[in-house]
Amino acid sequence: MLIMLYLFLAGIFAGLIGSIIGIGGGILIVPFLALVLKTPIHLAIGTSMICVLATSLSASVRFFKKNMINTGLALVMEIPTTVGSIAGSITVAFLKNDVLFIIFGCFTIVSGIFTYLKNRFPEKFKPLKSAKTGTGSIFDSEYYDETSGKQVSYNVKNVTSGSAISVLAGFFSGLLGVGGGLIKVPAMNTIMNVPLKVSTATSSYMIGITAVVSSVIYFFNGFINPLITVPAVIGVLVGAVSGSFAVAKIKIKHMIAIILFVFISIGAMMFLRGFGILRY
Amino acid sequence: MEPLNKNNSKIEVILSCILITGVAASLLLMAAGMILLYLESGSFNISREPSMFIQGNNFFNFILDIFKGRGPENTALLLLTIGTIILMLTPFIRVVASLIYFIWIRDKKYIFITLVVLIILIITLSLH
């Protein structure tokens, strides 16, 4: 059986694609394990969470070097996110396989559409008008924008509403074994007026803590098997590091339609599997 | 109050070092475990025995057990388990380091925030 090799390759693939299109990779690992390798979905979710944790840690190192993480804001938002992820990680143990497949399917389809829109129409992703007025907060900061070559300062607004959405992001993260950045990043960007790059970096940094809490709860429930997790984690790290080099050279716009198609197909398969239509 | 991100390159370097060390140490142990597993069994088979799963009542106790030599008996599996645990503990150490830093610079607001995060983490790690 070459199952460990498949896990390793799946990890590389997820890490590579994840770092190129800016997602954690969990959304690709869970379906691969559950649909292709026929791993029980709870174990797939546990494995994915450890992979997400590894990606978050290695990505944070990169973001630190570019000074793009707002560590103060991250600490504050970690509190609601963690509470949400505890709730999600406990809930998953009570959910039947079919239900998880269905929720995961829906989440993947929505994520695919969102990723498509974000990359296809980046100019539409701007802070809301209400987020632009009013005074800032203690989280106001600045970062160096590589594209424009300028130091950009920004005010952080609506921390309370942002935190409320983080609870939801944490919940889905704990429930599905994904990072939850797909909810957090746009929320921070549009509601809290945090620049997209800083939102991405800060969200990724926060996922480290969220993932620890979830993976410890999974661990209590026996969802983590090192023999499955380790090959995938090694693969994800290799993939993510290679992806970070490739990302500068690849134009995402050209492949974004393919990505949308892949996400919707994966989502649909998970969905059908949940309803028992897709059996193998 | 000064924004945290300005002039705090010191803490960012420390946190960055913690993350790199954690990931590298864990990756090293995981790779060693995988190689050993291959040498021992001659293949990369996955046993589905429940004993192969990390499972326990308390994360801290589980770590203590490993230190006392009561972890998985198979060396390869032990390395894989420790590698996974180091990965899981890295963010925890990161929060502890942040707390020490905020106490050092006497930033009350952030000491409080970091303490809340740390308490949530400790509760999750020790309860159940």
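The sequence lines fix the lettering, A, B, ..., with proteins before strands; numbering per chain opens at 1.
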- Non-hydrogen atoms of chain B under 4.5 Å away: do they reach the side chain of A:Leu237, the backbone, both or neither? side chain
- Interchain contact, A:Leu53 with chain B, by part (heavy-atom threshold 4.5 Å): side chain
- A:Phe13: partners by ring pair (Phe, Tyr, Trp, His ring centres under 6.0 Å), with sequence neighbours left out: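 Ring pair (Phe, Tyr, Trp, His ring centres under 6.0 Å) check on A:Phe13 returns nothing, list empty.
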- Message: Quick check: under 4.5 Å, non-hydrogen atoms only, which of residues 80-93 of chain A neighbour chain B?
- Response: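 Those residues of residues 80-93 of chain A which have a heavy atom under 4.5 Å from chain B are A:Thr82, A:Val83, A:Ile86.
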State the [atom1]-[atom2] distance between [X] and [Y], to the nearest 0.5 angstrom.
X        : Y        : atom1 : atom2 : result
B:Leu80  : A:Ile228 : CG    : CD1   : 12.0 Å
B:Glu12  : A:Lys65  : CD    : NZ    : 13.0 Å
A:Phe63  : B:Ser16  : CZ    : OG    : 12.5 Å
A:Phe220 : B:Thr124 : CZ    : OG1   : 8.0 Å
B:Ser26  : A:Ile50  : OG    : CD1   : 9.0 Å
B:Leu115 : A:Leu75  : CG    : CG    : 11.0 Å

- Item | Summary of salt bridge (Lys or Arg N to Asp or Glu O under 4.0 Å) pairs that have at least one residue in residues 23-33 of chain B, sequence neighbours excluded |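 Listed by first then second residue: nothing to list.
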- Task: Could you tell me whether the side chain of A:Val230 reaches within less than 4.5 Å of the side chain of B:Thr84, counting heavy atoms only?
- Result: yes
- Quick one: are A:Phe64 and B:Leu19 in side-chain contact, heavy atoms under 4.5 Å?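 Yes; the side chains approach each other to less than 4.5 Å.
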- Message: Could you walk me through whether A:Thr71 and B:Ile11 satisfy the side chain to side chain contact (heavy atoms under 4.5 Å, CB included) test, starting with their C-alpha distance in whole Å, then the side-chain angles of each, then the deciding distance to 0.1 Å, before giving a yes or no?
- Response: CA-CA 10 Å; A:Thr71 40; B:Ile11 180 70; 5.6 Å; no
Per-pair distances, 0.1 Å, donor-acceptor, side chain in residues 87-94 of chain B, under 3.5 Å, sequence neighbours excluded:
unit_1: B:Thr90; atom_1: OG1; unit_2: B:Ile86; atom_2: O; d: 2.7
unit_1: B:Arg94; atom_1: NE; unit_2: A:Tyr205; atom_2: OH; d: 3.0
unit_1: B:Arg94; atom_1: NH1; unit_2: A:Tyr205; atom_2: O; d: 3.0
unit_1: B:Arg94; atom_1: NH2; unit_2: A:Glu78; atom_2: OE2; d: 2.4

- When you look at B:Leu37 and A:Leu227, which way does the side chain to side chain contact (heavy atoms under 4.5 Å, CB included) test go after all the steps? CA-CA 10 Å; B:Leu37 190 76; A:Leu227 291 176; 3.8 Å; yes
